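To keep things clear, I will list the structure first and then write my remarks on it.
Starting from 1, each residue takes its place in the sequence as its number. Keep in mind that what you see is a predicted model, and the values were worked out from it rather than measured. Keep in mind that the numbers below use all heavy atoms, side chains included, and drop hydrogens, waters and symmetry copies. Just so you know, ligand 1 is whichever comes first in the structure, and atom 1 is the first atom listed for that ligand.
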Amino acid sequence: MSERAYNFSAGPATLPAEVLEASASGLVDYDNSGVGIAEMSHRGPEFIAVLEEAEARCRSLLSIPDNYEVLFLQGGATQQFSLIPMNLLSGSADYLITGQWAKKAYDSAALISDKVKVVANSSDQNYNYIPEESSWELDSDADYLHVCSNNTIFGTQLKDFPKHNCLIADMSSDIMSRELDVSQFGVIYAGAQKNLGPSGVVLVIIRKDLLEREKATQLPPIFDYSKHAGANSCLNTAPTFGIYMLLQNFRWLDKNGGIAAMEQQNIAKAKLIYDAIDNSNGFYTGTVANAADRSNMNITFTLPTEELTAEFIKAAKEKGMVALKGYRSVGGIRASVYNAMPVAGCQALADLMVEFASRA
Ligand SMILES: Cc1ncc(COP(=O)(O)O)c(C=O)c1O
């Protein structure tokens, strides 16, 4: 195998080599059975054991209280944009719009109900800030408040969460990257392909009382959270191999100190790169307006010209660092540094930034 690159992709994103190797081995031969995990029934004892261990480790890693269901579903975070209002919205709902994904969540809900409100919106500055909580226009009667905890494209992150009786968070790009009090939330959901495993699985953590909520219309079972919960995530054929990969990743997280250790490491990793931006005498410009809103997962910055940006990406590639090009609506560079990105990868990027600025 060739040496692994430092892969700064925003998602699908880098995973620990150990997780990939364990997954590859189970794909060919699960537990010396002569059959691969993706070839086994989702109702058989082998996969049920995988699912149970994945759920147990997920619960313990995030200290999920017993009054929450943990579901492993399909359809990505995007499907949740619709399932949330279908299952939980019968009156009105509040949305905080801090980026493209938060806007898409709002747009999906607005197709389902005309009582969906925007509490604050940072599109006036291309989403380069999180609106101050004191400015949010909350409706105390709303069925829920929806937020996106980390704006993958724009490099901003909600550092604190508002108190709300039904707070719903899209945590696709920072789940398990920092410690969390799950009891603050009604629903947490996350597409797996950044911090958890491969695409094709979405993790949904939902407070049990919400499964009983009256729905505006009757739902087909596949769109109904209570049906998924009642069937232990196996209402239909579960994404078995994806869940197996999540299990390998949960084992890796446990072996490496759990979420608390990840959080400390993620803070240190991000600091290496933010320091390189801030100490560059203006050569690099962070795209986020306020340092307090900077994401520890997706670090976005620009160089003085497009030519220098292209040269930087080329220089990085020569040193084994890939997928650094920023999203088209932001430009510049985006370094995604999820749990699986080692400190050495961030150090290598920071070193290149210093060297590149000095010779440009
Ligand atoms: C914050 C956030 N939400 C939602 C999505 C969409 O996820 P999916 O492609 O799993 O539907 C993404 C994907 O990049 C994301 O970063």
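Taking every heavy atom of S172 and a limit of under 4.0 angstrom, the matching atoms of ligand 1 come to 1 (C), 2 (C), 3 (N), 4 (C), 15 (C). Counting atoms of ligand 1 from 1 in the listed order, those under 4.0 Å from a heavy atom of G76 are 10 (O), 11 (O). Each of the atoms 1 (C) of ligand 1 lies under 4.0 Å from some heavy atom of C148.
Taking NZ from K215 and OG from S226, the interatomic distance works out to 4.5 Å, rounded to the nearest 0.5 Å.
Below 30°, between 30° and 60°, or above 60°: for F301 and F312 the angle between ring planes is above 60°, a perpendicular geometry.
Contact annotation: for T152 versus ligand 1, heavy atoms closer than 4.0 Å belong to the side chain alone. If you look at K194 next to ligand 1, the close heavy atoms, those under 4.0 Å, all belong to the side chain. The proximity of F81 to ligand 1, defined as any non-hydrogen pair under 4.0 Å, is limited to the side chain. Within the 4.0 Å heavy-atom criterion, neither part of S199 lies near ligand 1.
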- Query: Run the side chain to side chain contact (heavy atoms under 4.5 Å, CB included) check on Y284 and T302 step by step: do they pass?
  - Reply: CA-CA 6 Å; Y284 303 107; T302 56; over 6 Å; no
- Query: Hey, mind stepping through H42 and F47 against ring-ring contact (aromatic ring centres under 6.0 Å, His included) and telling me if it holds?
  - Reply: CA-CA 6 Å; H42 62 298; F47 179 69; 7.4 Å; no
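Some N or O of A77 is nearer than 3.5 Å to an N or O of ligand 1, by distance alone. For a threshold of 3.5 Å applied to N or O pairs, the pair formed by Q193 and ligand 1 contains at least one separation below that value. Taking only nitrogen or oxygen atoms, main chain and side chain alike, Q79 does not reach within less than 3.5 Å of ligand 1. In terms of polar-atom proximity, defined here as any N/O pair under 3.5 Å, S173 makes no such contact with ligand 1.
Note on ligand 1: N150 sits in its first shell, one or more heavy atoms being nearer than 4.0 Å. By the 4.0 Å heavy-atom criterion, G11 is excluded from the residues contacting ligand 1.
In terms of the side-chain hydrogen bond (donor to acceptor under 3.5 Å, both in side chains) criterion, E263 has no residue partners (sequence neighbours excluded).
Hydrophobic clustering of Ile, Leu, Val, Met, Phe, Trp and Tyr side chains at less than 4.5 Å, counting indirect connections, unites L20 with V50.
Checking Y189 against Q79 by side-chain atom types alone, no donor-acceptor pair falls below 3.5 Å. At a cut-off of 3.5 Å, with distance as the only test, a side-chain donor of N150 or N298 sits close to an acceptor on the other residue.
Ring centers of F185 and F161: under 6.0 Å apart, within the cut-off.
Closest protein heavy atom to atom 6 (C) of ligand 1: W101 CZ3, 3.5 Å. Looking from atom 11 (O) of ligand 1 to the surrounding protein, the closest heavy atom is T78 OG1, 2.5 Å. Nearest to atom 3 (N) of ligand 1 among the protein's heavy atoms is D170 OD2, 2.6 Å.
Geometrically, K104 engages W101 in a cation-pi contact, judged by NZ or CZ lying under 6.0 Å from the ring centre and within 45° of the ring axis.
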